[in-house]
Amino acid sequence: MTQSVTSAAASGAASSASGATSPKRAFWSSRMAFILAATGSAVGLGNIWKFPYITGENGGGAFVLVYLLCIAIVGIPIMMAEVLIGRRGGRSPVSSMGILCQRDKLHARWRWLAGIGVLASFLILSFYSVIGGWALSYVGTAGTGQLSGQSSESIGAIFSGLLADPGTLLIWHTLFMALTMLVVARGLRGGLERAVTILMPALFVLLLLLVGYAMTTGYFGQAVTFLFQPDFSKLSTEGILVALGHAFFTLSLGMGVMMAYGSYLPKGVSIARTSILVSVMDTGVALLAGLAIFPLVFANGLEPGAGPGLIFQTLPLAFAQMPFGSLFGTLFFVLLVFAAWTSAISLLEPLVEWLEERRGLNRMISTLGAGIAAWLLGIGSILSLNEWSGFAPLGMFAAFEGKTIFDLLDFLTANILLPLCGLLVAVFVGWFMARQALENELSMGGRSFALWYGVLRYVTPIAVAIVFIYNLL
């Protein structure tokens, strides 16, 4: 599919809604390019450690079944709705919402829906870049053999030493943000699309190599049992809510990302099929990560429920004790960097896209402005890990007591902004947009459309509201 630009009429409508003249717009060169970009956004650090861990702790195969059901009733319907908004508006998330409100004679305040998502993506990027810097740091640590033969105390000291050194953290944070800005500044075809068509296949190859390595440990069968054997006795009500929450967050929903990426999607591409495939690939990566990680954990008698420490303390200890550990440890952290990088690119894009349209800035200046702002906010997260570890900005409120800048940004985005935006998307598309417009945009069969529409209107909002309330409590 060749590169296209929107019509002059669409450009005029966008200019009217956004308040600035918008540049001509390119589309993804193919359906697969969008799928790789959306999957790259969805596949992040949470896929590598969180999903395998929560699967094993909540009934293995039983949890996977519930999780897939949650993807079907929450993840896919909202993803389709967000992509639909982006493609129908043809502009940045905020501008697209303005266009749709103007076209369907809806209140202009609905634009704040997209504004919440763009704000969330910006805040997440600020501290996500800090964690991406950790991964970059560990590529060098593993590659130079510093992990080889180390004890658990020494491995822990390496990680603690990294967090305690704001200067070193700043260097890696700066490098990671620069890599992210480099891709976004080059635009859709030369930046985002080229990056994901290289990084995502490389990520899959690295993941398969690590799974192959894990199969040689003698504990692969135990890992398969841990992840896939159904144990409904472990599947509590809380586990179901965990599955529901992760199904929402894992697909980069509520961040404006899918609206931004959807705005580049050609009209002939099926939103439904594409959203389903992205969801399947995201889940597949998470399960493969579990098959790569847990054989190493079990082979070394380590704790599988170590949370973030699984990546930067538990696994390095496993690599330190195993044959070819330096090589495969390096490959693992390169994999982690790729996963974080593709997600960070998508987090920066919505704000850059808006600055281009609203402020009339070119791509380079928009990227520099948004990237530097996120970098500066990230410094607060760095200092909260060491020099400002006792500083809680909103500590006067009971709900935020003891939360550092890093903790606060994580809490506000994951527990408030993302579910709020997702809930509003479901309500806006399901209850306010004209049904005929939705049918025209999705081009789905009568029964398929009716199923999606019914789930989005009645099931998805309730499910997201439950997650919202559960997280707050």
Side-chain angles (χ1 to χ4, degrees), residues 38-56 120-139 141-142 159 162-163 169 172-173 175-177 179-180 183 195-196 199-200 202-204 206-207 210 242 245-255 257 281-294 296-297 304-316 319 329-348 374 378 381-382 385 406-407 409-411 413-415 418:
T39 305
S41 174
V43 172
L45 300 176
N47 292 73
I48 306 301
W49 68 267
K50 186 175 181 181
F51 180 73
Y53 160 61
I54 61 178
T55 297
S121 66
F122 170 76
L123 296 178
I124 291 170
L125 176 62
S126 71
F127 66 85
Y128 200 87
S129 176
V130 175
I131 303 174
W134 300 352
L136 274 175
S137 171
Y138 266 70
V139 171
T141 301
F159 186 54
L162 175 65
L163 298 189
L169 289 175
W172 291 114
H173 167 52
L175 179 57
F176 185 85
M177 187 65 77
L179 289 172
T180 302
V183 171
V196 297
L199 292 176
M200 289 309 296
L203 184 149
F204 283 115
L206 287 173
L207 194 51
L210 288 167
V242 168
H246 195 70
F248 177 82
F249 299 121
T250 189
L251 295 176
S252 295
L253 304 177
M255 305 178 190
V257 170
M281 291 175 68
D282 176 70
T283 303
V285 168
L287 292 173
L288 283 174
L291 293 176
I293 290 171
F294 287 115
L296 307 183
V297 172
L310 178 68
I311 297 298
F312 296 104
Q313 292 177 280
T314 305
L315 277 180
F319 289 125
T330 304
L331 291 178
F332 174 79
F333 286 109
V334 170
L335 165 70
L336 200 62
V337 168
F338 285 1
W341 195 5
T342 53
S343 293
I345 290 166
S346 71
L347 291 170
L348 183 58
S381 290
I382 287 175
L385 298 170
F406 190 107
D407 297 332
L409 290 172
D410 184 27
F411 179 85
T413 52
N415 296 288
L418 297 189

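Position 1 is the first residue of the sequence, and the numbers go up from there. Keep in mind that this is a model prediction, so the values were computed, not measured.
With values rounded to the nearest 0.5 angstrom, T413 atom OG1 is found 7.5 Å from M255 atom CE. Taking CG from L125 and CG from L409, the interatomic distance works out to 11.0 Å, rounded to the nearest 0.5 Å. Taken from CG in L45 to OG in S343, the straight-line distance is 7.0 Å, to the nearest 0.5 Å. Atom CD1 of I131 is separated from atom CD1 of I124 by 10.5 Å, given to the nearest 0.5 angstrom. Rounding to the nearest 0.5 angstrom, the gap separating the CG atom in L347 from the OG1 atom in T180 is 9.0 Å. Here the straight-line distance linking atom CD1 of I48 with atom CG of L203 works out to 6.5 Å at 0.5 Å rounding.
Minimum heavy-atom separation, G378 to V130: O-CG2, 3.6 Å. Considering all non-hydrogen atoms of both residues, S41 and V257 come closest at OG-CG1, 3.3 Å. Here the closest heavy-atom approach between residue S126 and residue H173 is recorded as O-CE1, 3.9 Å. Closest heavy-atom contact between F51 and T55: O-OG1, 2.7 Å. The minimum heavy-atom distance linking W172 with G133 is given by the pair CB-O, 3.4 Å. Heavy atoms only, all atoms of each residue included: A142 and G329 are closest at CB-C, 3.9 Å.
For Y128, there are no ring pair (Phe, Tyr, Trp, His ring centres under 6.0 Å) partners, not counting sequence neighbours. Evaluation of the ring pair (Phe, Tyr, Trp, His ring centres under 6.0 Å) rule for F248 yields no partner, not counting sequence neighbours. F122 pairs by the ring pair (Phe, Tyr, Trp, His ring centres under 6.0 Å) definition with nothing, not counting sequence neighbours.
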Discussion item. What verdict does the side chain to side chain contact (heavy atoms under 4.5 Å, CB included) test give for W134 and L163, after you've listed the backbone C-alpha separation in whole Å, the side-chain angles of each residue and the deciding distance to 0.1 Å?
Written reply: CA-CA 9 Å; W134 300 352; L163 298 189; 3.4 Å; yes
Discussion item. L418 vs L253, test: side chain to side chain contact (heavy atoms under 4.5 Å, CB included). Steps then yes/no.
Written reply: CA-CA 7 Å; L418 297 189; L253 304 177; over 6 Å; no
Item to complete: Kindly indicate, with the supporting measurements, whether the criterion side chain to side chain contact (heavy atoms under 4.5 Å, CB included) is fulfilled by V337 and L179.
Response: CA-CA 11 Å; V337 168; L179 289 172; 5.6 Å; no
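Residues V285 and L207 form a side-chain contact, since some pair of their non-hydrogen atoms from C-beta on lies under 4.5 Å apart. In this structure, F333 and I311 have side chains that are in contact, with non-hydrogen atoms separated by less than 4.5 Å.
A donor-acceptor pair under 3.5 Å is absent between the side-chain atoms of T250 and the main chain of H246, judged by distance alone. N47 places no side-chain N or O within 3.5 Å of a backbone atom of A289 that could act as its donor or acceptor partner. Judged purely by atom type and a 3.5 angstrom limit, T342 uses its side chain to pair as donor or acceptor with the backbone of A339.
The residue from D282, T39, V43 that alone fulfils the side-chain contact (heavy atoms from CB on, under 4.5 Å) condition with L251 is D282.
Ring-plane geometry between F319 and F332 is classed as tilted, the angle between the planes lying from 30 to 60 degrees on a 0 to 90 degree scale. A parallel orientation is assigned to the rings of F159 and F312, their planes being inclined by less than 30° (bins at 30° and 60°).
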